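Some notes on the structure that comes next.
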Amino acid sequence: MKILVLNGPNLNLLGKREPGIYGDGSYEALCAHLRAFAAAHGAQADCVQSNHEGALIDAIHAAGGVYDGIVMNPGAFTHYSYAILDALKAVDVPCIEVHISNIHQREEFRHKSVTAPACVGQICGLGPFGYEAALSYFLSREKVGKESFH
Ligand code: CA2
């Protein structure tokens with residue numbers, strides 16, 4: 001199983017600013033953890049981060065036929081990118097949206113996700129653990145699928 005972990009704008013700054021909201025672990029440490037977590041479960045997680053909407057859309061398009069799932073934190077694009085919504089709808093790869101912070105406890109404009117309707121589900125407010133939880137969902141789905149065939 002191959003999972004694409006896609007992070008949007010400013011998430012490369014994890015651990016460098018606003019630790020009270022986003023924690024003090026770095027983006028690189030998060031990716032290393034997720035790669036190791038996936039590998040420990042016989043899967044592969046590839047991490048991609050971009051501050052550019054088009055690059056995120058290109059990565060979503062390229063995931064078709066290559067990845068079994070996408071774990072995506074679209075950053076602030078969550079709240080207004082209909083282009084990312086359309087890209088998620090255009091590919092046949094299930095996506096789980098993750099937010100490190102609880103977007104519902106923050107400013108009003110963060111309460112709405114325009115991208116979540118194209119996702120299997122959304123996890124928010126669990127800190128960086130949300131990424132691992134989303135990965136676990138895909139890994140457990142594979143197990144369910146295999147069990148039902150054997
Ligand atoms: O809670 C989340 O994961 C967010 O997707 C993070 C976005 C924010 O715009 C969303 O409303 C909620 C912002 C990411 C900024 O990441 C930073 C990380 C460290 C330091 C500064 C920014």
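None of the values given here were measured: they were computed from a predicted structure. These values consider heavy atoms only, across backbone and side chains, with no hydrogens, waters or symmetry-generated copies. Each ligand, and each atom within it, is numbered from 1 in the order the structure gives.
Listed by atom number, the atoms of ligand 1 under 4.0 Å from L14 heavy atoms are 18 (C), 19 (C). Per-residue contacts place H79 under 4.0 angstrom from the following atoms of ligand 1 (heavy atoms of the residue considered): 10 (C), 11 (O). Applying the 4.0 Å criterion to heavy atoms of E18 picks out, from ligand 1, the atoms 21 (C).
Considering each of F109, Y27, Y22, the one bringing a non-hydrogen atom nearest atom 18 (C) of ligand 1 is Y22.
Here the protein heavy atom with the shortest distance to atom 2 (C) of ligand 1 is I100 N, 3.4 Å. Ranking the protein heavy atoms by distance from atom 4 (C) of ligand 1 puts H99 ND1, 3.7 Å first. Considering only non-hydrogen protein atoms, atom 9 (O) of ligand 1 sits nearest to R110 NH1, 2.9 Å. Closest to atom 17 (C) of ligand 1 among all protein heavy atoms lies N10 O, 3.5 Å.
Note on ligand 1: K16 sits outside its first shell, no heavy atom being nearer than 4.0 Å. Close to ligand 1: N73, with a non-hydrogen atom less than 4.0 angstrom away.
In this structure, F77 and Y80 have perpendicular ring planes: the angle between them is above 60°, well past the 30° mark. Ring pair H79/H99 is parallel by interplanar angle, where below 30° counts as parallel and above 60° as perpendicular.
Of all the heavy atoms in G8 and Q49, the pair that sits closest is O-NE2, 3.1 Å. V114 approaches S81 most closely through the heavy-atom pair CG2-N, 3.5 Å. Contact detail for I21 and I100: the closest heavy-atom pair is O-CG2, 4.2 Å. Between V98 and G130, the closest heavy-atom pair is CG2-O, 3.8 Å.
The N/O atoms of L13, backbone and side chain alike, include none that comes under 3.5 Å of an N/O atom in ligand 1. An N or O contact shorter than 3.5 Å is missing between R17 and ligand 1 by distance. Any N or O atom pair closer than 3.5 Å counts here, and S101 shares at least one such pair with ligand 1.
S113 and E97 share a side-chain donor-acceptor pair at under 3.5 Å.
Paired with Y131 under the rule side-chain contact (heavy atoms from CB on, under 4.5 Å), one option of V71, I123, I96 passes, and it is V71.
Under a 3.5 Å cut-off, the side chain of D68 and the backbone N or O of K2 do form a donor-acceptor pair.
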